[in-house]
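Let me begin by presenting the structure, written as structure tokens, before commenting on it.
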Amino acid sequence: MGAGLGLVAGDPAAPGTPVASTAAEVARLAATAEDLAALDGLVSVCRACPRLVEWRETVAATRRRAYAGEHYWGRPVPGFGAADARIGVVGLAPAAHGGNRTGRVFTGDRSGDWLFAALHRAGLASQATSVHAGDGLTLRHTRILAAVRCAPPANKPTTVERDTCRPWLDRELALLWSTLRTVVVLGGYGWSVLWSALRDLDVTLPSPRPPFAHGREVRLDRPDGPPVTVLGCYHVSQQNTFTGRLTAPMLDAVFGRARELAGLT
């Protein structure tokens, strides 16, 4: 492993986990992952995007005053949830003082407070809060993925960073594809990246690509199994939840529909 990437308890990586340092290595290593556990280990030590590496590690070293006494994760954040998920949830990227601090996506920030509370109300999470990676939270029939795995400055990854990271998402979707029945996409950024990832998986897509909209449903038929429905949802960002653009009832309606589409009702 690379310098500065010390392992911690419960770490998905092992001392010999290969470290991707270029876009080509990301693509090559992602293709070698035979299961989600192996993929999570590879994701968690990636160093392919210099700007993101510098930012996530600087944030982890300086820390926010409220978390000054904590040890930050400061690494890429892998997906979280069931290996045989029927529902996938695609977000943008970890938050600098959320997933980048705790090591679990959507954990330790207000966006996560909204998301996990809604998943709990829908019967898809064992508890309504996600505070840290060892808090006992489990997801039922659900896995959370991200378009980009490192916290980006100003929450805005570059186009190159997005494309460099996408093989991780491609492989995660491929490993989940046989059990997935619906994919909830949080926001327009994740919506755009998802369609590119599905194209890379040779999924037959509608043309033209449907634009993002809250509540939009797009059914993807497949010859070897039930259809997968992509379901749009406004992102659980503070900008949306504080202004009322996204409300708890709206979020509950999305996950209620996701359960229905996944055959869980």
Side-chain angles (χ1 to χ4, degrees), residues 30 35-36 39 79-93 105-106 111 114-116 118-125 139-148 162-163 165-237 240 245-265:
D35 55 33
L36 289 170
L39 182 69
F80 171 65
D84 59 351
R86 297 173 72 88
I87 299 171
V89 181
V90 177
L92 195 167
V105 66
F106 280 112
S111 294
W114 272 74
L115 178 61
F116 285 105
L119 290 172
H120 182 65
R121 291 192 298 268
L124 299 172
L139 297 183
R140 305 183 183 106
H141 312 293
T142 304
R143 184 171 174 89
I144 302 175
L145 310 82
V148 174
R162 177 202 66 193
D163 293 345
C165 201
R166 203 177 69 226
W168 301 130
L169 178 62
D170 290 357
R171 187 60 183 155
E172 194 163 12
L173 287 168
L175 291 168
L176 291 166
W177 195 246
S178 64
T179 61
L180 280 178
R181 299 295 179 267
T182 185
V183 180
V184 176
V185 186
L186 301 175
Y189 189 94
W191 184 269
S192 176
V193 174
L194 176 68
W195 293 110
S196 297
L198 293 175
R199 181 192 62 218
D200 289 347
L201 294 177
D202 293 326
V203 176
T204 300
L205 302 177
S207 182
R209 186 183 73 196
F212 171 78
H214 181 82
R216 172 152 288 156
E217 298 182 19
V218 182
R219 173 176 164 141
L220 303 176
D221 291 313
R222 49 185 175 179
D224 55 347
V228 174
T229 302
V230 178
L231 180 58
C233 179
Y234 289 139
H235 197 280
V236 287
S237 65
N240 288 336
R245 188 184 191 202
L246 178 66
T247 65
M250 290 169 66
L251 200 53
D252 290 345
V254 166
F255 284 112
R257 180 58 175 155
R259 284 186 57 99
E260 181 182 357
L261 291 166
L264 298 174
T265 57

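What you see is a predicted model; the values in this text were computed from it and never measured. Heads up: numbering here begins at 1 and tracks the sequence.
- When all heavy atoms of V90 and A147 are compared, the pair lying nearest together is CG1-N, 4.5 Å.
- Listed here is the closest heavy atom pair of R166 and R199: NH2-NH2, 3.9 Å.
- With contacts defined as side-chain heavy-atom distances shorter than 4.5 Å, the pair T265/R259 qualifies.
- Side-chain atoms of L145 and F80, non-hydrogen and from C-beta on, never get closer than 4.5 Å to each other.
- Counting only distance, with no hydrogens or angles, the side chain of R171 and the backbone of L39 share no donor-acceptor pair below 3.5 Å.
- In this structure, the side chains of L231 and V183 stay at 4.5 Å or more apart for every pair of heavy atoms.
- The cationic group of R216 does not satisfy the cation-pi geometry with W191, failing either the under 6.0 Å distance to the six-membered ring centre or the 45° limit from the ring axis.
- In this structure, the side chain of H214 engages the main chain of Y234 through a donor-acceptor pair within 3.5 Å.
- Here the closest non-hydrogen pair linking L176 and A82 is CD2-O, 4.0 Å.
- The pair D84-R143 does not count as a salt bridge, with every side-chain nitrogen at least 4.0 angstrom from each carboxylate oxygen.
- Here the OG-CG distance, from S196 to L201, works out to 11.0 Å after rounding to the nearest 0.5 Å.
- For G190 against V185, the heavy-atom pair with the smallest separation is C-CG1, 3.3 Å.
- With hydrogens and angles ignored, the 3.5 Å screen pairs no side-chain donor or acceptor of T179 with any backbone N or O of R86.
- You'll find the side chain of L264 reaches within 4.5 Å of the side chain of L124, heavy atoms only.
- Pairing each heavy atom of V218 with each of P206, the nearest pair is CG1-CG, 3.8 Å.
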